[in-house]
Amino acid sequence: MIVTTAQLFKHAYGKYAVGAYNINNAEQAMGLFKGCISSQAPFIIQISKGARKYTDKRMLEAIIRSAAEIFPDAIFAVHLDHGDEQTCYECIDSGFFSSVMIDASHESFDENVAITKRVVDKAHAKGISVEAELGMLGGVEEDIKVDEGHAMLTNPDEAKDFVAKTGCDSLACAIGTSHGAFKFKGKQSLHFDVLEKIKALLPGFPLVMHGSSSVPQDEVARINAAGGKIAGSMGVNVDEYLPAAKRGVTKVNIDTDGRLVWTRVHREYFRDNPGDFDFRPAGKIFIEEYAKFIASRNVLLGSANQLADLRKSLGK
Ligand code: G3H
Ligand code: 13P
Ligand code: ZN
């Protein structure tokens, strides 16, 4: 069942975070649905502009619609990840997306407000939720002074002003994470101080954490042992997911970790089966491994075993 992110956030707020996972193909979709059903968790499917271009946006829609039929108990939102204004409008008009993200965080505050407000007006007219972004995502290095580090983070007063001016439904905040596999140098923690200030100024308002992959070190070691070269990568401490959820983070974005699972499975498979050229055995292993990974994340996010209660609260 496709629902809006707003419906998911209402149930999750302050208790757990909903995993938002990017997908690009059928194997990821199968693993994602399997993992969320086995862990009995609601989830958000994210589709980036790159994913829409990878094969054809209609292909992804068809895959998701089919997965919803194969897994009728699944409760999820279909969300555009990091949309520009034009792509948001396409997705709002498609009748398929239940939620879009307008990412105008690279613009000035006023321009970000203006663009976001236009998208909110169009989306809300069709019952679609909008995530916006304020602040600059980026790795905050251990040796950067606190003041310098904070300059990249979301300003809590601006966040309050931004939400009031745009009417967005959730806000992606920069609290020290960044996209990809190389997030931190040295030991790093999320900026819970900033999160707490934002929560105090925006009580009950759903916050979003991008760049949340944990970059498991055993996964990285296996990839490198099978011919990869991604040494020095580092991600978010998974023990910080739930503390973030308790401070208003209701959506946790994870993409890179899924790519690492894919890379490990395929590198190991073809290393160990050099004569093979059928991609299906490795694809099958990937689906199972990705499902296990997703279920493990849902446990850490606190979204596992929430499905029955969510269904009741939705009156379904
Ligand atoms: O935040 C970006 C996501 O990881 C999606 O990445 O644009 O390469 O599909 P992508
Ligand atoms: P990661 O690169 O940490 O997986 O972040 C994904 C993300 O934020 C998608 O919007
Ligand atoms: Zn992101």
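When a ligand or atom number is given, it counts from 1 through the structure's own listing order. Worth saying up front: this structure is predicted, and the values here are computed from it rather than measured.
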With rounding to the nearest 0.5 angstrom, report the OG to CD distance, S303 to Q40. 11.0 Å

Report yes or no: do D169 and H124 form a side-chain donor-acceptor pair below 3.5 Å? yes

Per-residue contact class, D81 against ligand 1 - non-hydrogen pairs under 4.0 Å: side chain

For Q46, the ligand 2 atoms whose distance to one of its heavy atoms is below 4.0 Å: 9 (C), 10 (O)

Closest non-hydrogen atom pair between V3 and S98, with its separation: O-OG, 2.7 Å

What part of S212 sits under 4.0 Å from ligand 2 if we count only heavy atoms: the side chain, the backbone, both or neither? backbone

The N/O/S atom of H179 lying closest to the Zn ion (ligand 3) is NE2

Is there a heavy atom in K183 that sits closer than 4.0 Å to ligand 2? yes

Using a plain distance cutoff, I'd like to know if R259 has any nitrogen or oxygen under 3.5 Å from a nitrogen or oxygen of ligand 1. yes

Has K312 got a side-chain atom pairing as donor or acceptor with A308's backbone, closer than 3.5 angstrom? no

Look at D161 together with K165 and state whether they make a salt bridge at an N to O cut-off of under 4.0 Å. yes

Ranked by distance from atom 2 (O) of ligand 2, the top protein heavy atom is T256 OG1, 2.6 Å

Check: N22 N/O within less than 3.5 Å of ligand 2 N/O: no

Close-contact set for ligand 1 against H179 heavy atoms, below 4.0 Å: 1 (O)

Atom 8 (O) of ligand 2: the protein heavy-atom neighbour that sits closest, reported with distance to 0.1 Å: G211 N, 2.8 Å

Count I, L, V, M, F, W, Y as connected when their side-chain heavy atoms are under 4.5 Å apart, and connections chain through other members. Are L242 and V194 then in the same cluster? no

Atom indices of ligand 2, in the order listed, that fall short of 4.0 Å to a heavy atom of H82: 10 (O)

For Y16 and N298, does a side-chain donor sit closer than 3.5 Å to a side-chain acceptor? no

Do D257 and ligand 2 have an N or O pair less than 3.5 Å apart? no

Ligand 2 to G180, heavy atom cutoff 4.0 Å, flagged ligand atoms 2 (O)

Determine whether the aromatic ring centres of Y290 and F286 lie less than 6.0 Å apart. yes

May I ask you to list the atoms of ligand 2 that are less than 4.0 angstrom from any heavy atom of H179? 2 (O), 5 (O), 6 (C), 7 (C), 8 (O), 10 (O)

Decide whether an N or O pair under 3.5 Å exists between I254 and ligand 2. no

Taking distance alone, with N or O pairs closer than 3.5 Å, would you say S48 contacts ligand 1? yes

How far is atom 3 (C) of ligand 1 from its nearest protein heavy atom, and which residue and atom name does that atom have? D255 OD2, 3.3 Å

Does NZ or CZ of K122 come closer than 6.0 Å to the centre of the six-membered ring of Y89, within 45° of the ring's axis? yes

Do F205 and V208 share a hydrophobic cluster (ILVMFWY, side-chain heavy atoms under 4.5 Å, transitive)? no

If we ignore angles and hydrogens, is there a donor and acceptor under 3.5 Å between the side chains of N25 and T55? no

What angle sits at the Zn ion (ligand 3) between NE2 of H82 and ND1 of H210, to 10°? 90°

Pull out every atom of ligand 2 sitting under 4.0 Å from any heavy atom of H210, numbered as shown with elements. 8 (O), 10 (O)

Which of the atoms in ligand 1, numbered in the order shown and given with their element, are less than 4.0 Å from a heavy-atom of N22? 3 (C), 5 (C)

For D255, is there an ion pair with R259 - N to carboxylate O distance below 4.0 angstrom? yes

Any side-chain donor-acceptor pair under 3.5 Å between N112 and T116? yes

Measure H82 to ligand 1 on non-hydrogen atoms and call it side chain, backbone, both or neither using the 4.0 Å cut-off. side chain

Could you tell me the residue and atom name of the protein heavy atom closest to atom 9 (C) of ligand 2, and the distance to it rounded to 0.1 Å? D81 OD2, 3.2 Å

Location of contacts on N253 toward ligand 1, heavy atoms closer than 4.0 Å: neither

Answer yes or no: is there an ion pair linking E90 with R52, defined by an N-O contact shorter than 4.0 Å? yes

